[in-house]
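Sequence lines set the chain letters: A, B, ... in the order given, protein chains first and strands last, and positions in each chain run from 1.
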There are 2 protein chains.
Amino acid sequence: MKATINDVAKLAGVSIKTVSRVMNNETSVRQLTRDKVMEAVNELNYQPNLAARNLAGTKAYSIAFIYDNPNAYYVIDMQNGILAACKQQGFELLIHPCQAKSEHVLEEIGDMIRKSRVAGLVLTPPFSEMPEFVQKIIDLDVDVVRIMSGDVAPDELSPCVMVNDHAASVSITQHLIDLGHKHIGFIGGEAAHMSTVERLRGYKQALTDNGISIDERLIIDGEYSFESGVHGAKQLMSEDVRPTAIFSCNDEIAAGSLFAARLMGISIPEQLSIAGFENSPFSRQTWPRLTTANQPNQKIAEDAASLLIAKSRKQTANNSVNYYTPQLIVRDSTGKSH
Amino acid sequence: MKATINDVAKLAGVSIKTVSRVMNNETSVRQLTRDKVMEAVNELNYQPNLAARNLAGTKAYSIAFIYDNPNAYYVIDMQNGILAACKQQGFELLIHPCQAKSEHVLEEIGDMIRKSRVAGLVLTPPFSEMPEFVQKIIDLDVDVVRIMSGDVAPDELSPCVMVNDHAASVSITQHLIDLGHKHIGFIGGEAAHMSTVERLRGYKQALTDNGISIDERLIIDGEYSFESGVHGAKQLMSEDVRPTAIFSCNDEIAAGSLFAARLMGISIPEQLSIAGFENSPFSRQTWPRLTTANQPNQKIAEDAASLLIAKSRKQTANNSVNYYTPQLIVRDSTGKSH
DNA sequence: TTTGATAATGACAGCGCTGTCAATTTCATT
DNA sequence: AATGAAATTGACAGCGCTGTCATTATCAAA
């Protein structure tokens, strides 16, 4: 049932080392030999044993996905993207959700690494935005790839996939301005997250570029949750200067804002425009459907995983950086200012 | 940095075999010895190497999660539940999404098993509902645990976690009937899924029990998606006999129904009551919030994983079965019939 | 104290593969 | 045909652990 490398070697009439070479796509195996081996491999349905490879060799055959994010859509997209890259490259994926605030994160990750050899880690915010943390991981002698917010990589520590939240935020805000809005509210995610910082920066820049003064009363701290959107919108709509539009920092907040508007009898988009961010499936399922910015999480994650695997393979110090700018998607939740 | 069993043995002044015994919680190690070993383990921060364990031993230290489900909330909940059980039992989790319709599923799973030793698989629908498939997996010599719909386990093939969709469906339907509804629409998920079959059965039984005749025009096939809910509701609302309530087979379908109602200018719950199923976070974020049945996916999955691990440990033929009945949660999308 | 049964420990082989290095083959040139 | 460098292949050790079986320590009862 379970063929070993020995069985293949015998059947192909070569040494196990040669089979090993073929399985690892090493050069310096004659084509003829390679064919013989592959034939035996197919005949026997042979799969190299991962445990043995890990134990005997120096290469790693797995990567891990580290995250702390309650957003199911985000996590699934990321995971699927990473899995796609893994599948293509024959890597295994270890899933590792953990609490960023916990004292034990590093310990946990260390344990994981000691237990299973891992080529590297895919880090998403907030982990990717903690330089000391990243450095400590690298000191553990594993590669890292970071997915993070910004228009340029902050350092040379690792390959990065940068999401240009600033630019995307400018287009969303500009879209609202183009619709005639002058009082635009902003409901942020966790203030410590770079994505919030960057989106806020884009918001402010768009306003400034259009000669609209920034009113701090229209800027609300939140967290990336529905409830936060409900509260934020309620608060904004009871300001002296009621905004005519709200830029919510993600789709969940936007959905919460929508909910609050309904609660207060405010019609969308007639009396109030609401924009989200992320283009989660969610944003197509609210009423009205959300104007948002498309953040292609799956692609981003697949990219990240590919960069990580490539780096771990080549052992180059060269840290590539990929860039994404979420694109505006106009739907029904934003309209002309009256 | 990376301590091996040898280092621990040396430091503790015992043989590696004794360390191994301690690490595996075997009996017949004196308490004194055990303490010495544990002290060394802590001192050195030792973690047994998974690859070596897998290679040397006969026990497995991982399970796999097999699924084919586009519902992000469902998958994440399941995964978190399984991870919780794994963490507690020191198991690793392999994530394996795949296409149920694909010819290659079995092959893929076979490859995975040959590659990584796996104690067993957690199967969710539709896989868990394919008896021949399950049998073939078991023939591959891996344990299986099935999460499935029904009020009693269909066979003795494996431990099961049964979700009593029938009973839950009766309570939802009864709730609608109690509100005075006589024309109740039903929008199903994929007709082949037992959950749809069971929920439909519950729906029909509740109607029958209350002396309401079953009108097949009010029963719509769908799939578990938002779009399907939109279409289904549109169709139902253009029947000769307009239903005054719709039981949607899951929250996504319900959200779609809500959306369709908005599109058609039908107010919820005044003109139409809509109920969902699953209690995904989603159901709290629609307007109005959905009446639904709480299906505790995370618990269910944790249970399933625990059963699987227990079975693989004890090597008993004894297949336990756990039962869950989703409970009605009344929110704002259902109201009195007028 | 000796005995015998039982509990506790250890020696050793080997899981299936890769890394190292040595042996052999190949092939373009002489 | 002989030569040598390069390409191709193989022998062998050993990764870190567990299973098997042999050995030693322990302790109640004689």
Original post:
Considering residues, nucleotides and ligands other than B:Asp141, do more than 12 of their heavy atoms fall under 6.0 Å from its CG?
Top reply: no
Original post:
How long is the line joining CZ of B:Arg34 and P of C:dA7, in whole Å?
Top reply: 15 Å
Original post:
Within the structure shown, what part of the strands sits under 4.0 Å from B:Thr33 by heavy-atom distance: base, sugar-phosphate, or nothing?
Top reply: sugar-phosphate
**OP:** Sequence neighbours left out, what passes salt bridge (charged side-chain N to carboxylate O under 4.0 Å, His left out) with B:Lys36? Give chain and number order.
**Re:** none
**OP:** Answer yes or no: is there a side-chain heavy-atom contact under 4.5 Å between B:Ile309 and B:Phe91?
**Re:** yes
Original post:
For A:Ser28 and D:dA7, is the shortest distance between a side-chain N/O and OP1 or OP2 below 4.0 Å?
Top reply: no
**OP:** Answer yes or no: is there an ion pair linking B:Lys136 with B:Asp139, defined by an N-O contact shorter than 4.0 Å?
**Re:** no
Subject >> Check: B:Phe127 and B:Asp68 side chains under 4.5 Å, non-hydrogen atoms >> reply: yes
Subject >> Between C1' of C:dT25 and CZ of A:Arg30, the distance in whole Å >> reply: 7 Å
Pairwise N/O distances under 3.5 Å, protein to nucleotides 14-20 of chain D:
from	atom 1	to	atom 2	distance (Å)
D:dC15	O2	A:Leu55	O	3.3
D:dC15	O2	A:Ala56	N	3.2
D:dC17	OP1	B:Tyr46	OH	2.5
D:dC17	OP1	B:Asn49	N	3.1
D:dC17	OP2	B:Ile5	N	2.3
D:dT18	OP1	B:Asn24	ND2	2.9
D:dT18	OP1	B:Arg53	NH1	3.2
D:dT18	OP2	B:Ser20	OG	2.4
D:dG19	OP1	B:Thr58	OG1	3.2
D:dG19	N7	B:Lys17	NZ	2.7

Subject >> Presence of salt bridge, A:Arg114 and A:Asp111, under 4.0 angstrom >> reply: yes
